[in-house]
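Pasting in a structure now, in structure tokens, and then I'll have a few things to ask.
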There are 2 protein chains.
Amino acid sequence: MTDTRTRLLDGALATLRDKGIAGTSARTIAAAAGVNQALVFYHFGTVDELLAAACAHGATARVAAYADRFATVTSLAELLQVGVELHEEERAEGNVVVLAQILAGAQAEPKLAPAAAAALNLWIAEIETVLHRVLADSPLGPVLDVPGLARSVSAAFIGFELYDGVDPDGAARAMSALAQLGALLTLVEDLGPTTRRLLRSRIRKATTGS
Amino acid sequence: MTDTRTRLLDGALATLRDKGIAGTSARTIAAAAGVNQALVFYHFGTVDELLAAACAHGATARVAAYADRFATVTSLAELLQVGVELHEEERAEGNVVVLAQILAGAQAEPKLAPAAAAALNLWIAEIETVLHRVLADSPLGPVLDVPGLARSVSAAFIGFELYDGVDPDGAARAMSALAQLGALLTLVEDLGPTTRRLLRSRIRKATTGS
DNA sequence: GTCTATAGAGGGATAGAC
DNA sequence: GTCTATCCCTCTATAGAC
């Protein structure tokens, strides 16, 4: 872990954020890192391998930075609130946007795919833990596919960041609509015990067929 | 609308799908179109303008191809079903993936942003119409921000396509979790009139504060 | 409208001095 | 580990023949 290695990793993240996957090269990364261009190949072999390493580097750091906040979430509405914060902070910091760029690159470059999937899985694991806790005493909890929903939420978030880049007003509206939906779902959750029993029996009937 | 123009538009879409935004250039597009490279600049001025035109071209065609199916949707579960179909067909055809690549490129290239936003807006408009119809007689309908939700759904879909490219199994699980969630929400919607009244009054109380 | 040819910049990657 | 220098390829864009 020499200093140059981390400079290159951070330079790669900055370049992906500022110039996108199409504008990212050994030369642009080296310039952002303040480092000689040949060192990209000395330390990482190829540009793609540097991008893969940077992807893991950035995601690990950001997930760790949010671990505390995820740990305090106890309701769907709170999860959405953390999501809004994450959206705003990460857009300034730019690390979710970086993941989106890696994902875009990985569609055509199979070598990037495992790194992109691994980075996304770090986020998914966090969300999964939170969802499991939040849905524990919901009538829907026992029948929901929590790992699947965590994947949905994480993937959807990537789409939000890309949307925000081309239409910030639209993205803000989308975000507030979800926050409102979260608040309303809380009301549904808080129905009386009679309704909860009714729901539960219906769920049992409906799920015996699938 | 000469033949060469459309060949270039289709070639651009094919190149974005197969090589991603990072692998898309006047040369690769011309090769895919079976056309001379200089014609890119003769017909469209720059590569970015060709990409912007191709984006509109592709989105218009695909939204039109789905208009019939969107028109028949009458429930949230059906909307999700069409979403699953769209996901599977468009991944083969590749046109939503193309939009994702344009969105990724637009993050760093402002000239692409209006085209990307316009293409996404075509999808959003369709979803908005459907959501409006589907939620019309739901107790939540009157208070939901339908345009905002349509934007959420559309943006989320882009994220799904990118996720599918790096982890098809995870994406499939995410998709089926959503389908299951849709089915369960239908049960909530079908609660008795008493519960619906209760919900409605709670909603009124809760929304007077915002 | 279409082609060839080319200028000029930027790209990945390596060799070899230090 | 770091640097310079370089090879060879690809890129955008244009000029000019047809």
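Treat the numbers as computed from the prediction; the structure is a model and nothing was measured. Numbered from 1 within each chain, the chains take letters A, B, ... in sequence-line order.
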Nearest heavy atoms of A:Ala54 and A:Leu13, plus distance in Å
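A:Ala54 and A:Leu13 have their closest heavy atoms at O-CD2, 3.4 Å.
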Measuring to OP1 and OP2 of C:dG10, would you say a side-chain N or O of A:Ser25 lies under 4.0 angstrom away?
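It does not, given that no N or O in the side chain of A:Ser25 lies less than 4.0 Å from OP1 or OP2 of C:dG10.
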By the 4.0 Å heavy-atom rule, please label B:Val47 as base, sugar-phosphate, or nothing.
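The residue B:Val47 makes sugar-phosphate contact but no base contact.
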Whole angstrom is fine here: how far is it from OH in B:Tyr42 over to P in C:dT2?
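Interatomic distance, OH of B:Tyr42 to P of C:dT2: 7 Å.
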Within less than 4.0 Å of OP1 or OP2 of D:dT2, is there a side-chain N or O belonging to A:Thr4?
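So the side chain of A:Thr4 is within the cut-off, an N or O lying under 4.0 Å from OP1 or OP2 of D:dT2.
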Could you give the CZ-to-C1' distance, from A:Phe41 to D:dT2, as a whole number of Å?
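After rounding, the gap between these two atoms is 15 Å.
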Is the shortest heavy-atom distance from the side chain of A:Phe44 to the side chain of A:Leu9 under 4.5 Å?
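SC-SC contact between A:Phe44 and A:Leu9 confirmed.
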Less than 4.5 Å apart, side chain to side chain, heavy atoms only: is that true for B:Phe70 and B:Ile127?
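Side chain of B:Phe70 against side chain of B:Ile127, heavy atoms only: contact under 4.5 Å found.
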CG of A:Asp3 versus C1' of D:dT2: gap in Å, rounded?
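Rounded to whole Å, this separation is 13 Å.
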Distance, rounded to the nearest Å, where A:Asp48 contributes CG and C:dG12 contributes C1'
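These atoms are roughly 11 Å apart.
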Can you check the A:Leu50 CG to C:dG12 P distance for me, whole Å?
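Rounding to the nearest Å, CG of A:Leu50 and P of C:dG12 are 11 Å apart.
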What's the CD1-P distance between B:Ile29 and D:dC11, to the nearest Å?
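Atom CD1 in B:Ile29 sits about 10 Å away from atom P in D:dC11.
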Could you tell me the separation between the CD atom of A:Glu49 and the P atom of C:dG12, rounded to a whole number of Å?
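Distance, rounded to whole Å: 14 Å.
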I want to check something: taking the side chain as every heavy atom from C-beta on, are B:Val97 and B:Leu162 in contact at a cut-off of under 4.5 Å?
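No, their side chains stay 4.5 Å or more apart.
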Report each atom pair, protein N/O against N/O of nucleotides 3-8 of chain D, whose distance is under 3.5 angstrom.
residue : atom : partner : partner atom : Å
D:dT4   : OP2  : A:Asn36 : ND2          : 3.2

Using the rule side-chain hydrogen bond (donor to acceptor under 3.5 Å, both in side chains), only one of A:Glu85, A:Glu78, A:Gln81 pairs with A:Arg69; which is it?
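Exactly one option meets the side-chain hydrogen bond (donor to acceptor under 3.5 Å, both in side chains) with A:Arg69, and it is A:Glu85.
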Side chains of B:Arg151 and A:Tyr163, heavy atoms from C-beta outward: is any pair under 4.5 Å?
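The answer is yes, as the side chains (C-beta and beyond) meet within the 4.5 Å cut-off.
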